[in-house]
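Structure first, then comments.
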Protein chains: 2
Amino acid sequence: MSGFKIPGITVYRLGLYARVLEQFLEEGRELISSDELAKECGVNSAQLRKDLSYFGQFGVRGIGYSVPQLLKHIRRILGTDREWLMVIAGVGHLGQAFLNYNLLAKRGFKFVAAFDIDEKKIGMVVNDVYVYSIEQLPYVLREHNVEIGVITTPAKAAQEVADLFIDHGIKGILNFAPVRIQHPPHVVVEHSDITILFDKLAFYVHRLD
Amino acid sequence: MSGFKIPGITVYRLGLYARVLEQFLEEGRELISSDELAKECGVNSAQLRKDLSYFGQFGVRGIGYSVPQLLKHIRRILGTDREWLMVIAGVGHLGQAFLNYNLLAKRGFKFVAAFDIDEKKIGMVVNDVYVYSIEQLPYVLREHNVEIGVITTPAKAAQEVADLFIDHGIKGILNFAPVRIQHPPHVVVEHSDITILFDKLAFYVHRLD
DNA sequence: TACTGTGAAATATTTCACAGCA
DNA sequence: TGCTGTGAAATATTTCACAGTA
C-alpha cells in the first residue's frame, strides 16, 4: 500500500492533520470523525479519508478515529515518531527565529549546531546551540548523526552551503534562501521562498475589487 | 482571459518566475526562452507558457521573451508593480525576522507598524518600524492605507488578531501561526505553517533508504 | 444509525505535439 | 530555423456516492 507514489500534497496534509490532532489530544479528546477533523483542517472529508487510505485503515466504521492512535499512525508514516538531528547555516534573523522556535524541538526536530561566516556571530550561543565557523562543518557533522540541514543564508551562499551539506552526508535540505538548489537525486530538497507568499497574497487581494 | 479561475499553483509559480527573472535582469540579460527560464525554476517549459497564457501573450515566436518586459507583465498580473502597506502582529523572533527582511521592502512590501502585547516590546523600533500595543491597532490602521496584515503570534492569539485585522479593514492576511484562521469571504488568508515543511522533509528522507 | 474505506466519476493540472510566426 | 501559444491527450487529484460494518 505504501510502495505507491504518494502525492506531495497528501504528505503536506498529513502534517496538517497531525498538527490539528495534537491540539485535540491536548484537549483530552478521545474520538474524532473524518468530517470534524477535515473541517478543522479546511479540507473535504473524503479527501482526508483518501489520504489516509494510501497508508492503511486507521478508523472504525460507524465510530470514527481514536485521536491518540491516529496521531501515532500519522507520525509513524511521516517519520516524526523519532528525533531528527539538524544543523542550520546562516544565523541571521530568520536563522535565529528557527533556533528559538521551540515548537520544532517539541516535535523532535533538534538543532545540534549552527554555522555562519560572520566573525561576530561565531562563538555565539543561540537557545543552547553553538555557532561555528562554516569551516568546522565537516568536523561537526562527523561527530553527530545529522540528517537534515537548514539553509537560511543569503541567496548567493545557498548553493555552496548545500554542496557542503551534501558532501558531508546530509540527506535532506530545507532551503529558505530565495534560489533553487541543484542536488543529486539521493538528497531531498524542500524549497520555501517566503517572499512568494507575499506575491500570492498580493495577487488575490488585488483581484478582490 | 483573466476573468477565468486561475489555479493557485499557477499564481505561486508566477512569483517564482518573477524572482528568477529579477536575477537575470540584474545580470543584464535581455532575452530568455521558456525552456531556459523553466529549467531555472524547476518546471516544464510548456507549463510556464501555459501559466502565462492565462493572462495574455508576452513572447515572440521564434525568439523568446524580453526579460524586463516579461517581468513587468508578471508584476502587473500579481499586483506587485506597486507598494503594499502592511502591519505585523507578534514581534517574536519570526516577526523580527520579517521586519528585518529587506528583500520584502525591495519588492514593495512595507511594514508601517508592528504590534505586540508584551510591555517589554512595546516602544521598540525594529528596522525603523515602531512596535505598538495591540490596543492601538484601530488608531494606527485609521492613519494608513494598510491592506495586508501578517500574523506571527503564538497559535492562541492568532484568531483574535485576525478578527481585529478584519474589523479594521485589512484585506489580506498572511498567517504564520500554526492554526487555521476563520474569516469572511471578502478577506484573503494565506496560511504558512513552517513546522509542516519539516514534517514533509522528514517523510521523504525517511523513505530514501 | 453513523461512521469509514474506496471504486468510479468528475474535475483539475500537466504535458505533448504541432500550427503559426519572426 | 527556433521559438511561442495552445488545443488535445495524458495524468493526477478531488469528490461523489455507496457498500460495509461497529
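In what follows, every chain begins at residue 1, and chains take the letters A, B, ... in the order their sequences are listed.
- Between F111(B) and F98(B), the distance from one ring center to the other does not fall under 6.0 angstrom.
- Remark: the backbone N or O of L103(A) is not paired with any side-chain donor or acceptor of T195(B) at under 3.5 angstrom.
- Heavy-atom contacts from other residues, nucleotides or ligands closer than 6.0 Å to CD of Q69(B) number 12 or fewer.
- In this structure, L31(A) places its CG atom 13 Å from C1' of dT4(C), rounding to the nearest Å.
- Taking atom CG of D35(B) as the reference point, atom C1' of dC3(D) lies 9 Å away to the nearest angstrom.
- Following rounding to the nearest Å, Q47(A) (CD) and dA12(C) (C1') show an atom-to-atom distance of 12 Å.
- Proximity of N44(A) to the phosphate of dC16(D): a side-chain N or O atom is located under 4.0 Å from OP1 or OP2.
- As a whole-Å value, the separation of Q69(B) CD from dT4(D) C1' is 15 Å.
- Not one side-chain nitrogen or oxygen of R49(A) sits closer than 4.0 Å to the OP1 or OP2 atom of dC18(D).
- Closest to the A46(A) side chain, of the nucleotides dT6(C), dA22(D), dT6(D), is dT6(C).
- As rounded to whole Å, 16 Å separates atom C1' of dG5(D) from atom CG of L37(B).
- Between K50(A) atom NZ and dC18(D) atom C1' there is a gap of 13 Å when expressed in whole angstrom units.
- The CD1-C1' distance, from I63(B) to dC21(C), rounds to 10 Å in whole Å.
- For the pair R61(A) and D51(A), both in contact range of DNA chain D, the more 5′-proximal nearest nucleotide belongs to D51(A).
- In the set dT14(C), dA17(D), dG5(D), dG5(D) carries the atom at the smallest distance from any side-chain atom of Y65(B).
- Y17(A) and D51(A) share a side-chain donor-acceptor pair at under 3.5 Å.
- Judged by distance alone, with hydrogens and angles left aside, the side-chain atoms of T152(B) form no donor-acceptor pair with the main-chain N or O of A177(B) at under 3.5 Å.
- Remark: S34(A) is in phosphate contact with dT4(C), judged by side-chain N or O atoms under 4.0 Å from OP1 or OP2.
- Between the NZ atom of K39(B) and the P atom of dC3(D) there is a distance of 11 Å, given to the nearest Å.
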